[in-house]
Every structure is written in structure tokens, then in C-alpha cells.
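Structure first, then comments.
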Amino acid sequence: MSAQATPAPLQAKAFADAVTAWQKREGRQHLPWQYTGDAYKVWLSEIMLQQTQVSTVLNYYARFLDAFPTVADLAAAPSEAVMTLWAGLGYYSRARNLHACAKAVVAQFGGQFPRDVEALASLPGIGRSTAGAVASLAHGVQAPILDGNVKRVFCRYYGIEGDPMSTPVVKRLWEIAQHNVPAVEPGRYNQALMDLGATRCTPRNARCGQCPLMSTCVALRQGRVEQLPSPKLKKPRPELHFVAIWLVDARGCVWLQQQTERGLWKDLWMPPCIPVPVNSDSGSWYELVRALVQSTGLQVNADALRTALNSAAAQPWLVHELTHRKMHFKTVLLRHDGVLDLCKAADALPLPKVVHKLTEAAVAQQNTLDVGQGLALK
DNA sequence: AAGGCGGGGTA
DNA sequence: TACCCAGCCTT
């Protein structure tokens, strides 16, 4: 072998030893769910961390654990309490599955999370990767994980081309993950891979000089670190426009509806929102808004409605961006001199972030409005 | 196999 | 602005 021979990727045991030793020196050691041996804490953190960064999760995790110290507490809680604590974290099916999973753990496993990966993966909201994380991190079971961080580390270290979300690449990555996970300290090893992806093998500006795998990394040797994983093909996001009806009563309560259709923000509470063409004028909104408000039994003053619509139209669009669409809102502010039914405290309802934005827009539109008192339900 | 699903951190 | 994050479920 010549002096210039390029070193091959490490064998499984050497690979695991290298990253595990690195984790003990330089990995993350003080996250609140780490090294507790508590499957409930590991599971709760893993669900929250799906598609969500650590810094965002920390506060939600602490509040959840305070409200529901055990899986039995969570299982016994009302759905609305779970959703309200989750509100703002996004991907709300995670919260519904979280609650269903807690109930299943109590009903099927006596309140103890199973050690077996297959059993874990059969539970709501737990897929193959999360099952591997809970089994290895909480129970020391030899099980692999494959999240976004691990995919990036493997794609670079082994020089794997292709969309990392595509079926053939995912299949190969799982084979590597399965092959490399060690029998000894599998949890520490999995933690090492996640820490590497989060702190060294980052999407951009990777810190290869501080990586324990730098001497055998294919992407680094070939100068392709910034090119791998291969970029996903991006699709254009639909842009949707809505008129939000902000109907406030004499007490400052606001009319909200629970989203019952499957889809975006299901189970959460929002003011009624009417889809409108982007360049529509306020005159074309009139009949839609009038019919919607009258459907509640309230009478609508035509002049007041015209004024409110014109005021709304004069506002800039409020933009709310999601991964898969871009939404624009204008807020029509309407007053009701009486009292709307079923008033509840705002902090007892799950509201998506966009409702907080709409609240600010309504306050800005008429700064005498007090929206902090409660919410009217219809 | 493809699409839907939130919100925020980061460069 | 664009990318992407401790993915899973439904169709």
C-alpha cells in the first residue's frame, strides 16, 4: 500500500468505537431526557424532536413533564389539555398519537414501555427510528436509528449519492445503520450519531476538522461534503389567501371554531377563515362574510360590514409560511354588542401560531380591542 | 411510492 | 431567502 492510499471506511466495530468514544468526550451530555433510563422521558422527547430542533423542544418538554409526570398521568388527561400544551409545536398529529400511545402503553403494557423494538413500533406515532431510539437510549437494546442527522452522516461518510428520502437510498442507509449499531452501549452510540450530525456534520459549514471520522470520510476525501446528501427536488408551494372573521363581543370574547376536518390544524381553534382569490376586492367578500356571520343568528349591519371590509382590504396581507404552502390573511374586524355563548379562557384552548399572529393584527387594526379575556365558541 | 403535516433555527 | 430539523401516517 502506497503512502497516498486512501483509507477505507472503518469496519462496524471500529466505526462504533470511534464515535462512541468521541461522544463521551465531546457529545451532548446534559439534555434533560438523557441518561435517565426512563423510557417515558425518552419517548416524550423523541416524539417532540420529530422534525423539530432541540432548542425548540426544551420548554415544551419541561411543561409536559410538569403536567404529566408519568405515562399514566398523560393517558388519563383530557385530549384538550394535551393539545393545549402541544399548541405551537406543530405537526399536531404527533400530539394526538402521543395521547393514543400513552393510553395504549397503559392498556396493553401495564404502564411500562416495552423493550422490544417491534412492540414499540406497533404503537401510535412510533416508527422504526423512534422505536430504535427508545429501545437503545432507555433500555440499552441493540437497535439502530435513522433520522435526518444520521442520514447526513452516513451519506457523507460512505459517499452515498441520490435523494436521501428515496426508497433505495433509505433501504441502504437502514442496512448500514443495522450493521453498525454495536451490542455494547448502543444508546451511547446512537446518541453519538445524532450529536455528530447536530454539532459537527451539519448541513452547511461542517466542522470536519473536529470530527472523529475525518480520516476515513469518503465525502471529505473527495471534497464533496457540501454536495452530500444530494439535494431534494423542491416543489413550488401553493399560495392561499383568506379573509379571517374576527368577531368580538361586548366582553372582548372572540368567535372561534374548532377545526374538525382532517388536515391542517385539525382539533385546534381558529376564527372562521374564508378562502378568497388573491386579487379580489372587498366588495366580492361582502356576501360571503354576511352569510357566514348570519349563520350564527346574528344580524349584520350593512354599513358597518362595508366599513369593516374596506378597513381589512386596506391592511397588508399577513403571511404565514409552512413547509408545504404559503398562506396570506386579512382580518375583518366585527363587533357584536351582545354576548357570545360559551366563553372560555384563551389559555385553555389549543391555538395554532397563526391565530396569535391574527390576534396581533386585530389589535393593531383597532387598538382599543382587549382580546385577552377569553374566547367565544360556536 | 407519494403526499400531507407546523414552526422555528440558521446561514 | 432557502434549507432543514431526534419522522410518521394515510392514500
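This one's a predicted model, so the numbers in the text were calculated from it and none came from an experiment. Residue numbering restarts at 1 for every chain, and letters A, B, ... go by the order of the sequence lines.
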- Under 3.5 Å, is there an N or O donor on one side and an acceptor on the other linking the side chain of A/Thr323 and the base of B/dG6? yes

- Donor-acceptor contact below 3.5 Å, side chain A/Lys330 vs main chain A/Ala313: yes

- Task: Sticking with atom P, work out how far B/dG6 lies from C/dT11, rounded to a whole angstrom.
- Result: 15 Å

- OP1 or OP2 of B/dG6 less than 4.0 angstrom from a side-chain nitrogen or oxygen of A/His320, does that happen here? no

- Item | Side chain A/Gln142, main chain A/Val184, donor-acceptor under 3.5 Å | no

- Using the P atom as the reference point in each nucleotide, state the distance between B/dG4 and C/dA6 in Å, no decimals. 24 Å

- Picking from B/dG8, C/dC3, C/dC8, which would you name as closest to the side chain of A/Arg204? C/dC3

- Message: Regarding A/Arg172 and A/Glu175, does a basic nitrogen lie under 4.0 Å from an acidic carboxylate oxygen?
- Response: no

- Task: Would you state whether a donor and an acceptor, one from the side chain of A/Ser93 and one from the base of B/dG4, lie under 3.5 Å apart?
- Result: no

- Item | Chi angles and distances behind the side chain to side chain donor-acceptor pair (under 3.5 Å) call for A/Arg94, A/Asn97 | CA-CA 5 Å; A/Arg94 291 186 295 171; A/Asn97 285 330; over 6 Å; no

- Query: Which one, C/dA6, C/dG7, B/dA1, comes nearest to the side chain of A/Met194?
  - Reply: C/dA6

- Given C/dC8, is OP1 or OP2 found less than 4.0 Å from the side-chain N or O atoms of A/Arg96? no

- What is the distance, rounded to the nearest whole Å, between atom CG of A/Asn97 and atom P of C/dT10? 7 Å

- Query: With no angle test and no hydrogens, is the base of C/dA6 tied to the side chain of A/Arg28 by a donor-acceptor pair under 3.5 Å?
  - Reply: yes

- Task: Pick base, sugar-phosphate or nothing for A/Gly197, based on heavy-atom distances below 4.0 Å to the nucleic acid.
- Result: nothing

- Message: Distance criterion of 3.5 Å, no angle test: do you see the side chain of A/Ser55 paired donor-to-acceptor with the base of B/dG8?
- Response: no

- Within this structure, what is the CD-to-P distance between A/Gln259 and B/dG4, rounded to whole angstrom? 18 Å

- Query: What nucleic acid atoms does A/Trp33 come within less than 4.0 Å of, heavy atoms only: base, sugar-phosphate, or nothing?
  - Reply: base

- Query: Of all the choices, B/dG7, C/dA6, B/dG6, which nucleotide is nearest to the side chain of A/Gln191 once you look at every atom?
  - Reply: C/dA6

- Query: Nearest of C/dC4, B/dC5, B/dG9 to any side-chain atom of A/Gln53?
  - Reply: B/dG9

- Query: So, A/Thr70 versus A/Asp73: side-chain donor-acceptor pair below 3.5 Å or not?
  - Reply: yes

